[in-house]
Every structure is written in structure tokens, then in C-alpha cells.
Peer 1: 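The structure is given below, and queries will be raised subsequently.
First listed ligand is number 1; within each ligand, the first listed atom is number 1.
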Amino acid sequence: MAEVTKTDILIVGAGPVGLFAVFELGLFDMKCHLIDILDRPGGQCAELYPEKPIYDIPGYPIVGAQELVDKLMEQVRPFNPQFTFNRMVAGIERLPGGGFKVTTDENEVFETKVIVVAAGGGSFQPKRPPIPGIEAFEGTSVFYSVRRMEEFRDQDLVIVGGGDSALDWTLNLQPIARSVTLVHRRPEFRAAPDSVNKMFALQETKELEFKIGQVTALGGEGGRLSTATIKGPDGDTVIPCTRMLPFFGLTMKLGPIAEWGLGLHENLIKVDTEKFETSEPGIFAIGDINWYPGKLKLILSGFHEAALMAQAAKRIVSPGERVVFQYTTSSTSLQKKLGVA
Ligand SMILES: Cc1cc2nc3c(=O)[nH]c(=O)nc-3n(C[C@H](O)[C@H](O)[C@H](O)COP(=O)(O)OP(=O)(O)OC[C@H]3O[C@@H](n4cnc5c(N)ncnc54)[C@H](O)[C@@H]3O)c2cc1C
């Protein structure tokens, strides 16, 4: 039987709003576990525009999107939130004795008193590269994220792409794979210059191969990949390939949220504006994923929603306990929780 992880609050999505919710819930002593499909916190800020400056976060005339995520992570540290990355929340069901059972796409099981859906624009899904017949190898030889590094041990690995994911995994998997070939259409990369330099250094010492070009064909049978054809400036080359990791960017889809029986408004979750609760008691929705009259998809709106949601969640997690409104500036008990008093 699958091991069950228990928590007060399960947060679906570790974007800026899910992260700030940890802070607001933490002030009321509620323990949070966040699950995200991505391999890092930050949602759209980290994935879509990490280097862009944001100008409308109160108190910050200008802040980089990744910098905001880093600050939020620092702000929630006193509450020791638990994270499960690289997993999609697939199913939720109500438990007979109260609370919910939440399952991921890898069948991990969580039990929680409250669910907070902070899923933004929905689940980030990898874009499939235009290689004929690639579907036949997906999940057995072709993967769009690295869930278990062991999957790549002693394999002939081809990584396709020029962004941070492609370069990070090239460097991380090189020591355990039998061979690594990075394929990118051009010699310029979007990834961090330091990673690019490290990759070129490994190419110099022949510890990996870098090829300019595109993967145009795959060979193999029964879902087992054996070769990849790379079309480059000098024509086609066929190389051994038993695992492939294409990183062609991500699109956002609502994903399994549509099947959770929550009241929707044009693919967004309908909530009230007092508690930001959905049509299902005990399930809240905050940030870009929710809808109410006048909703603005701004980070600051999500932060406000998190504060009000936390008060309502506390009443469910600790029924009968008085919910006292306090300022962090003047409450010693809040300051103790933050580790500053
Ligand atoms: C280019 C660009 C510029 C922007 N500029 C600004 C700006 O200047 N100011 C501003 O206020 N806003 C701006 N925004 C909007 C802002 O980024 C969003 O409002 C904000 O990211 C919403 O935060 P969130 O936490 O609700 O959702 P997201 O940031 O979308 O995070 C949601 C997370 O949930 C995860 N998720 C979804 N479904 C599941 C599931 N089933 N299981 C597990 N995980 C799941 C996703 O992987 C994602 O990481 C901008 C957006 C873009 C694209």
C-alpha cells in the first residue's frame, strides 16, 4: 500500500501565490505541503519570465521575477513548508471522516484537512517536438522531465534544447549516462552562461558531444529507442540513442483540475470573495486559477486572497479555536513564529 503523507494544508501549485499562502497559513500554525509539476518553485515568474522586472509589487519599485520568488522562499522558510516537485496533482477525493485524499500522477498519496488550489494558468505541459513517431517512445525512452535520474544511468542519452533545463540536465546526467549528446539548432543558448561554459568544457575533454542541428528521426522497436538521426549543417548523422530528453518549452493547460467537480467559470474556479472557497467546502482557490466578478490576474490580488483564505482555513483545521487578527509589527507571538523575537 502507498505510504500516506499527512498535512494540514495541501497546496496545488508553488507559484508566487501558493508560496505566499504558506506565509499566511504559517502565521496561524498550519503546516503546508506544496506539489508542483515543475522542478522548482515560482510558477509563471520562474518559468516564463525569470529575468523580467516587475513594477507593481507593493513596496518594490522594481523586482526581478526570479528575485521575487527567491524572496518569497526566504519569507516562508520559518514555516518549513514541504515541497514535492515534478508531480502533477491528479485526483482529489473527500474522506468519510473529514478532510481529503490527494493523489499525484505517480500515485503518491496525501491526506489533508484543507486543499488550496493555487494552480495559476493550470498545469505546465511539455511541448512535443515535431519528430515523426515520437509518441511510440514516450514514457519508455523519451521523457519530458527527469523524475528519477537512475532512468538515465548507463544510457546513450540525447538531450535536445538550448534553455536552462536542457543545459542543467546535460551537466547533471553526464556523470551517470554512458554517453550524452546535446543537440541544439544553433551555437547560441538561452541557458545561464556558466552552464554553457561548463558544457563546452566537457565537450573539449570529449566527455560529451554537442551537435548543431535537429533530431529528425528515431529508430527502435516496442517503445525501446536505439538511434536518433540528427540533421546538421553537414547532412544527416545517425547516433546511438536509448534515452531522449527534449526540452521544447511548455504550454499551460487546465489539466485534471477540470475533473475535480469544482464549479467553473470559463475554465477558472469560481470562488466567493470572503474566503476564496470553491463550490466544495474545504477546497479554496487563490491566484490566477480563480474567478470572481472583478478578478484581476495580478500577483498582488493573489496575495490578498491568500490572507483571507488563511483565516477561513484555520477555522476548518482548528475548529472552535478563536481566530485572532494580529499585526506582525506588534504581535510577539507572530514574531516568535517568524524567529525574530
Ligand atoms: C510575461 C508575463 C509577465 C507578467 N507580469 C506581471 C506583472 O508585471 N505583475 C503581476 O502582478 N503579474 C504579472 N504576470 C502575471 C503573474 O505571473 C501571475 O499573476 C502569477 O504568476 C500568478 O501566480 P499563481 O501562483 O496564481 O500561478 P502560477 O504562477 O501560474 O503558478 C501555478 C503553479 O501551479 C502548478 N500547477 C498547476 N496545476 C497543477 C497540478 N494539477 N498539479 C501540480 N501543480 C500544478 C503550475 O506548474 C505552476 O507552477 C505576468 C505574467 C506573464 C506570463
Side-chain angles (χ1 to χ4, degrees), residues 10-25 32-69 71-73 75-76 81-92 100 102-108 110 112 115-126 144-145 147 165 249-260 262 264 267-269 271 276 283-292 295-307 309:
L10 189 127
I11 304 181
V12 184
V17 176
L19 291 178
F20 191 63
V22 173
F23 180 82
E24 291 295 332
L25 292 156
C32 299
H33 197 118
L34 300 92
I35 302 179
D36 204 299
I37 297 159
L38 299 178
D39 61 2
R40 64 196 84 192
Q44 295 175 47
C45 294
E47 193 59 42
L48 301 180
Y49 60 107
E51 289 176 2
K52 279 200 169 158
I54 308 178
Y55 300 98
D56 56 355
I57 302 298
Y60 283 103
I62 175 172
V63 60
Q66 183 60 47
E67 192 188 344
L68 175 68
V69 174
K71 289 279 177 203
L72 285 164
M73 287 297 284
Q75 196 169 19
V76 300
Q82 302 300 301
F83 290 93
T84 298
F85 290 116
N86 288 312
R87 295 290 186 274
M88 179 162 75
V89 174
I92 61 180
F100 301 90
V102 174
T103 40
T104 70
D105 54 347
E106 291 277 338
N107 294 322
E108 287 112 332
F110 295 80
T112 183
I115 296 174
V116 176
V117 186
S123 39
F124 282 101
Q125 309 267 342
Y144 294 99
S145 64
R147 296 193 164 199
S165 297
L250 300 163
T251 52
M252 283 202 268
K253 297 205 173 111
L254 187 59
I257 296 169
E259 287 136 41
W260 294 347
L262 306 173
L264 298 180
N267 272 348
L268 296 166
I269 303 174
V271 289
F276 299 94
I283 305 182
F284 297 82
I286 55 175
D288 276 16
I289 194 74
N290 76 10
W291 180 85
Y292 50 86
K295 166 75 183 183
L296 289 178
K297 287 191 185 181
L298 282 176
I299 295 167
L300 72 86
S301 315
F303 288 173
H304 159 80
E305 294 157 13
M309 172 279 295

Peer 1: I'd like to know if the side chain of K52 and the backbone of C45 have a donor-acceptor N/O pair within less than 3.5 Å.
Peer 2: no
Peer 1: Within a distance under 4.0 Å of any heavy atom of V89, pick out the atoms of ligand 1 and give their elements.
Peer 2: 40 (C), 41 (N), 42 (N), 43 (C)
Peer 1: Taking everything shown except K295 itself, do over 12 heavy atoms lie less than 6.0 Å from its NZ?
Peer 2: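 Yes, NZ of K295 has more than 12 neighbouring heavy atoms, counting only those of other groups under 6.0 Å.
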Peer 1: Which protein non-hydrogen atom lies closest to atom 17 (O) of ligand 1, naming both residue and atom, and how far is it?
Peer 2: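 Heavy-atom neighbour on the protein nearest atom 17 (O) of ligand 1: Y49 OH, 2.5 Å.
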Peer 1: Which ligand 1 atoms does I35 reach within 4.0 Å, using its non-hydrogen atoms?
Peer 2: 43 (C), 44 (N)
Peer 1: Mind listing the closest non-hydrogen atom pair of A21 and M309 along with its distance?
Peer 2: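 Result for this residue pair: CB-CE, 3.9 Å.
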Peer 1: Is there a side-chain contact between L38 and L250 in this structure, where contact means two heavy atoms from C-beta onward sitting under 4.5 Å apart?
Peer 2: yes
Peer 1: Give the residue and atom name of whichever protein heavy atom lies nearest to atom 35 (C) of ligand 1, and the separation in Å to one decimal.
Peer 2: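 So the nearest neighbour among protein heavy atoms is D36 OD2, 3.4 Å.
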Peer 1: Need the ligand 1 atom indices (1-based, order shown) with element for anything under 4.0 Å from a heavy-atom of G13.
Peer 2: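 Once the distances to G13 are compared, the set is 33 (C), 34 (O), 35 (C).
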Peer 1: Would a 4.5 Å heavy-atom cut-off, applied to side chains only, mark L19 and L34 as touching?
Peer 2: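 Result yes, sub-4.5 Å side-chain heavy-atom pair found.
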Peer 1: Report the nearest protein non-hydrogen atom to atom 29 (O) of ligand 1: residue, atom name, distance rounded to 0.1 Å.
Peer 2: Q44 N, 2.9 Å
Peer 1: Would you check if F100 and I283 make a side-chain contact, meaning some heavy-atom pair closer than 4.5 Å?
Peer 2: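 F100 reaches I283 side chain to side chain.
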Peer 1: Heavy atoms, side chains only, cut-off 4.5 Å: are I11 and D36 in contact?
Peer 2: no
Peer 1: What about I57: any of its N or O atoms under 3.5 Å from an N or O on ligand 1?
Peer 2: no
Peer 1: Tell me which protein heavy atom sits closest to atom 18 (C) of ligand 1, plus the residue, atom name and distance to 0.1 Å.
Peer 2: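 Of every protein heavy atom, D288 OD2, 3.2 Å lies nearest to atom 18 (C) of ligand 1.
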Peer 1: Heavy-atom distance under 4.5 Å between the side chains of D39 and S145, does that happen here?
Peer 2: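 No, their side chains stay 4.5 Å or more apart.
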Peer 1: When you measure from the side chain of N290 to the backbone N and O of V271, does any donor-acceptor pair fall under 3.5 Å?
Peer 2: no
Peer 1: Going by heavy atoms, is G302 under 4.0 Å from ligand 1?
Peer 2: no
Peer 1: Who's the nearest protein heavy-atom neighbour of atom 8 (O) of ligand 1, and how far?
Peer 2: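 That would be I54 CG2, 3.5 Å.
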Peer 1: Ligand 1 and I299, any nitrogen or oxygen pair closer than 3.5 angstrom?
Peer 2: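 Yes - when backbone and side-chain N and O of I299 are compared with those of ligand 1, one distance drops under 3.5 Å.
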Peer 1: Parallel, tilted or perpendicular: which describes the rings of F276 and H304, with under 30° parallel and over 60° perpendicular?
Peer 2: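 Rings of F276 and H304: perpendicular, over 60°.
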Peer 1: Looking only at protein heavy atoms, which one is nearest to atom 39 (C) of ligand 1, and how far off is it?
Peer 2: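 The protein heavy atom lying closest is I37 CD1, 3.6 Å.
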Peer 1: Can you name the atoms of ligand 1, numbered from 1 with element, that are less than 4.0 Å from a heavy atom of L298?
Peer 2: 10 (C), 11 (O), 19 (O)
Peer 1: Could you check atom 23 (O) of ligand 1 against the protein and tell me its nearest heavy-atom contact, residue, atom and distance included?
Peer 2: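 Going atom by atom, the protein heavy atom closest to atom 23 (O) of ligand 1 ends up being P16 CG, 3.5 Å.
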Peer 1: Judged by modelled atom types alone, do T104 and E106 share a side-chain donor-acceptor pair under 3.5 Å?
Peer 2: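 There is no such pair between these side chains.
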Peer 1: Any idea which atoms of ligand 1 are less than 4.0 Å away from a heavy-atom of G287?
Peer 2: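 Within the 4.0 Å cut-off of G287, ligand 1 contributes 26 (O).
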Peer 1: With respect to W260, determine whether any N or O atom, backbone or side chain, lies less than 3.5 Å from an N or O atom of ligand 1.
Peer 2: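 Between W260 and ligand 1 (N or O atoms, distance only) the closest approach is not under 3.5 Å.
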Peer 1: Side chain or backbone, does K52 bring an N or O within less than 3.5 Å of an N or O on ligand 1?
Peer 2: no
Peer 1: Considering the heavy atoms of G122, write down every atom of ligand 1 situated less than 4.0 Å from one of them.
Peer 2: 37 (C), 38 (N), 46 (C)
Peer 1: Could you tell me whether L38 and ligand 1 have an N or O pair separated by under 3.5 Å?
Peer 2: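 Between L38 and ligand 1, no N or O pair is found under 3.5 Å apart.
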Peer 1: Do I286 and F20 have side chains that get closer than 4.5 Å, going by heavy atoms?
Peer 2: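 No, every pair of side-chain atoms sits at 4.5 Å or beyond.
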Peer 1: Counting heavy atoms not belonging to Y49, are there more than 12 under 6.0 Å from its OH?
Peer 2: yes
Peer 1: Check contact between G255 and ligand 1, using heavy atoms of the residue and a distance below 4.0 angstrom.
Peer 2: no
Peer 1: Considering non-hydrogen atoms of the protein only, which is the closest contact for atom 25 (O) of ligand 1, and what is the distance?
Peer 2: V17 N, 3.1 Å
Peer 1: Can you name the atoms of ligand 1, numbered from 1 with element, that are less than 4.0 Å from a heavy atom of R87?
Peer 2: 43 (C)
Peer 1: Identify, by atom number and element, the atoms of ligand 1 in contact range of G121, meaning under 4.0 Å from any of its heavy atoms.
Peer 2: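 Listed by number with element: 30 (O).
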Peer 1: Looking at every non-hydrogen atom in both residues, tell me the closest pair between L298 and D288 and how far apart they are.
Peer 2: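 Scanning both residues, the minimum pair turns out to be N-OD1, 4.3 Å.
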